[in-house]
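This chain uses plain numbering: 1 for the first residue, then up along the sequence.
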Amino acid sequence: MAANRSTSADRRARIEEMRRAEQARERRNRFLTIGVSAVVVLSLVGFGTFVLMKKSEEEDAKAAAAKAPIAGEKSWDAKKLGRNHVETAVKYDTTPPVGGDHHPVWLNCDGDVYDKAVPEVNAVHSLEHGAVWVTYNKKAAEADLKKLKDKVSGTPYTLMSPVDGQSGAIMLSAWGKQVTVDSATDPRVDAFFTKYVQGAQTPEPGAACTGGVGADGVGGAGMGQ
């Protein structure tokens with residue numbers, strides 16, 4: 001009998017020891033799970049904070065760039081630039097023009113790249129809508145034109161076309177603003193885009209850059225806007 005009681009006690013002791021060991025493992029696993037979860041949460045919070053800070057820094061940099069002056073830029077008094085809609089020829093004071101009376105229908109400027117001259121009276125209407133117009137003559141290098149075409153085609157409210165009569169190899173125009181550069185890598189190209197694509201100079205911010213006409217004058221779903 002004593003031997004049986006001893007065996008039974010030993011069995012209970014082993015079971016209790018196994019139970020304590022199992023509970024200890026469960027506690028360790030629970031702590032491990034909590035620890036891993038905490039690390040994941042902290043990582044996500046840290047990453048989210050980093051993304052927000054980076055976005056904020058980018059917005060601050062963009063705002064600073066929009067305020068910074070652009071070397072060599074020419075400006076015209078916006079109040080003196082006509083904004084009448086006309087369907088007759090307009091003689092502009094600059095080539096390419098930076099504003100003035102224009103056709104009732106704008107030139108499509110949703111990143112449109114034209115390989116031939118476009119009607120100035122329609123392009124000026126696009127400038128009124130906040131577009132940046134990239135123009136070039138035969139002095140421009142093919143490599144520069146390729147970079148500019150890529151940039152324009154990926155940027156809404158921009159257009160690009162040849163203007164043989166302009167003085168500079170590459171010129172960028174917005175409403176009342178213009179700069180001449182010799183290369184697509186000139187930092188003023190990015191600065192001009194940042195500052196003037198739908199920039200503060202825009203007489204009609206948010207107006208359409210689609211539904212207008214192409215280089216051949218065909219189209220024009222939206223009239224008189």
Does the [X] side chain pair with the main chain of [Y], one donor and one acceptor, at a distance under 3.5 Å?
X: E128; Y: W175; result: no
X: H129; Y: A131; result: no
X: Y136; Y: A141; result: no
X: D144; Y: A184; result: yes
X: K195; Y: A68; result: yes
X: S126; Y: W106; result: no
X: H125; Y: H103; result: yes

Distance flag, aromatic centroids of H85 and H102, threshold under 6.0 Å: yes

Side-chain touch [X]/[Y], heavy atoms, less than 4.5 angstrom:
X: L81; Y: D77; value: no
X: L172; Y: Q178; value: no
X: P104; Y: E87; value: yes
X: D110; Y: Y157; value: no
X: N137; Y: V163; value: no
X: V152; Y: F193; value: yes
X: W76; Y: T94; value: yes
X: V179; Y: M171; value: no

Side-chain donor-acceptor pair present, T158, W133, cut-off under 3.5 Å: no

Distance-only donor-acceptor check, side chains E73 and Y196, under 3.5 Å: yes

Check [Y] with [X], please: is the shortest side-chain N to carboxylate O separation under 4.0 Å?
X: K139; Y: D182; value: no
X: R188; Y: D186; value: yes
X: R83; Y: E204; value: yes

At their closest point, which heavy atom of [X] faces which heavy atom of [Y], and how far apart are they?
X: T180; Y: G168; result: CG2-CA, 3.7 Å
X: L145; Y: A140; result: CD2-CB, 3.8 Å
X: Y114; Y: N108; result: OH-O, 2.7 Å
X: L127; Y: S173; result: CD2-O, 3.7 Å
X: G206; Y: Q198; result: N-OE1, 2.9 Å
X: V132; Y: A174; result: CG2-CB, 4.4 Å

Cation-pi geometry met for K177 and F192 (6.0 Å, 45°): no

T135 vs Q166, side chain to side chain donor-acceptor pair (under 3.5 Å): CA-CA, chis, key distance, verdict: CA-CA 8 Å; T135 56; Q166 69 181 35; 2.6 Å; yes

Criterion side-chain contact (heavy atoms from CB on, under 4.5 Å) on V90 and E120, from CA distance to verdict: CA-CA 9 Å; V90 179; E120 290 182 337; over 6 Å; no

Same apolar cluster: V213 and L159, side chain cutoff 4.5 Å: yes

From NZ (K91) to CG (D101), nearest 0.5 Å: 14.5 Å

OG-CG distance between S161 and D112, expressed to the nearest 0.5 angstrom: 11.0 Å

